[in-house]
Colleague: 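Encoded as structure tokens, here's the structure I'll be asking about.
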Amino acid sequence: QMRGRLMRWTVVALAAVGLCASGSAGAATAPDPNLLAAQAAAARILSLTPLPPGATPQSADPSVGGSLSQAFHPPGPQQVIHTRYGTVSGAPGDVSHYILTHPPAGSHFYSEQGPGTPTSSWQETRSFPGQAERVTSELLTISTAPAQGGGTAIRSDAVVLWRPTW
């Protein structure tokens with residue numbers, strides 16, 4: 001009789017463990033909808049980068065000495081960053097002027113760094129209105145520098161901060 005009870009408890013315990021394991025192992029957690037909104041916002045903002053005619057996309061930093069790769073964005077778990085590189089003929093000062101005078105629709109001037117002279121680096125940041133309750137900040141930073149082999153290298157960064165869904 002004791003052996004029968006022990007056997008029944010063992011079966012019940014194993015069944016309970018099996019139910020718990022199948023419930024947690026098979027369940028995949030969906031990505032946070034606010035993270036998805038931030039990823040979509042970053043892709044949208046990056047597509048708005050005002051590039052001069054003739055600009056060519058590049059898969060890596062085309063600047064002299066990799067100077068555009070040294071841009072720093074503090075990492076964070078609620079931050080989405082999409083980066084794109086390109087090159088175009090012309091001096092960095094001319095390219096900077098083109099970008100400055102062709103702001104993306106819906107953006108507002110946020111900051112500018114560097115003189116943007118014909119041979120120096122330059123950077124402009126534009127802000128966009130965030131999506132209420134989802135995204136707290138949407139920025140587009142565009143940097144220029146002399147390119148390897150001549151012309152101008154361009155780096156565009158869409159930086160989006162988002163709020164987790166609780």
Colleague: Side chains of Gln78 and Pro164: closer than 4.5 Å at any heavy-atom pair?
Modeller: yes
Colleague: Do any N or O atoms from the side chain of Thr101 and from the backbone of His97 form a donor-acceptor pair under 3.5 angstrom?
Modeller: yes
Colleague: For the CD atom of Gln58 and the CZ atom of Arg155, what is their distance to the nearest 0.5 Å?
Modeller: 14.5 Å
Colleague: Over all heavy atoms of both residues, which pair between Leu100 and Glu124 is shortest? Give the atoms and the distance, please.
Modeller: CD1-OE2, 3.5 Å
Colleague: Apply side-chain contact (heavy atoms from CB on, under 4.5 Å) to the pair Thr49 and Leu140, showing each step before the final yes or no.
Modeller: CA-CA 8 Å; Thr49 302; Leu140 173 63; 3.8 Å; yes
Colleague: Do Thr56 and Val88 have side chains that approach each other closer than 4.5 Å (heavy atoms only, starting at C-beta)?
Modeller: no
Colleague: Would you say Thr83 and Asp157 are linked by a side-chain donor-acceptor pair, where the criterion is simply a distance under 3.5 Å?
Modeller: yes
Colleague: Answer whether the closest heavy-atom distance between the side chains of Thr125 and Gln123 falls below 4.5 Å.
Modeller: yes
Colleague: Check whether any side-chain N or O of Ser96 sits under 3.5 Å from a backbone N or O of Pro92 as a donor-acceptor pair, and report yes or no.
Modeller: yes
Colleague: Taking all non-hydrogen atoms of both residues into account, name the closest pair between Val95 and Pro52 and its distance.
Modeller: CG1-CG, 3.8 Å
Colleague: Measure across Ala42 and Ala158 and return the closest heavy-atom pair with its distance rounded to 0.1 Å.
Modeller: O-CB, 3.3 Å
Colleague: Are more than 12 heavy atoms from other residues, nucleotides or ligands located less than 6.0 Å from atom OH of Tyr110?
Modeller: no
Colleague: Between Pro104 and Phe128, is any pair of side-chain heavy atoms under 4.5 Å apart?
Modeller: yes
Colleague: Looking at every non-hydrogen atom in both residues, tell me the closest pair between Ser107 and Arg126 and how far apart they are.
Modeller: OG-NE, 3.1 Å
Colleague: If only atom types and distance count, is the side chain of Gln148 paired as donor or acceptor with the main-chain N or O of Ser63 below 3.5 Å?
Modeller: yes
Colleague: Are Trp122 and Val64 linked, directly or through intermediate hydrophobic residues, by side-chain heavy-atom contacts shorter than 4.5 Å (ILVMFWY only)?
Modeller: no
Colleague: Is any side-chain heavy atom of Thr152 closer than 4.5 Å to a side-chain heavy atom of Thr87?
Modeller: no
Colleague: What's the separation between atom CZ in Arg84 and atom OG in Ser47, rounded to the nearest 0.5 Å?
Modeller: 7.0 Å
Colleague: Taking the side chain as every heavy atom from C-beta outward, state whether Pro50 and Ile142 have any pair of such atoms under 4.5 Å apart.
Modeller: yes
Colleague: Taking atom OG1 of Thr136 and atom CG of Leu161, what is their separation to the nearest 0.5 Å?
Modeller: 4.5 Å
Colleague: Is there side-chain contact between Ser156 and Tyr85, with at least one heavy-atom pair below 4.5 Å?
Modeller: no
Colleague: Work out which heavy atom in Glu138 is nearest to a heavy atom in Arg44; give both atom names and the distance.
Modeller: OE1-NH2, 2.7 Å
Colleague: Closest heavy-atom contact between Leu139 and Ile45?
Modeller: O-CG2, 4.1 Å
Colleague: Can you tell me how far the CD1 atom of Ile154 sits from the OH atom of Tyr98, to the nearest 0.5 Å?
Modeller: 10.0 Å
Colleague: Under the 3.5 angstrom rule, does the side chain of Asn34 hit a backbone N or O of Trp162 as a donor-acceptor pair?
Modeller: no
Colleague: Do Pro33 and Arg134 make a side-chain contact, defined as non-hydrogen atoms from C-beta onward lying under 4.5 Å apart?
Modeller: yes
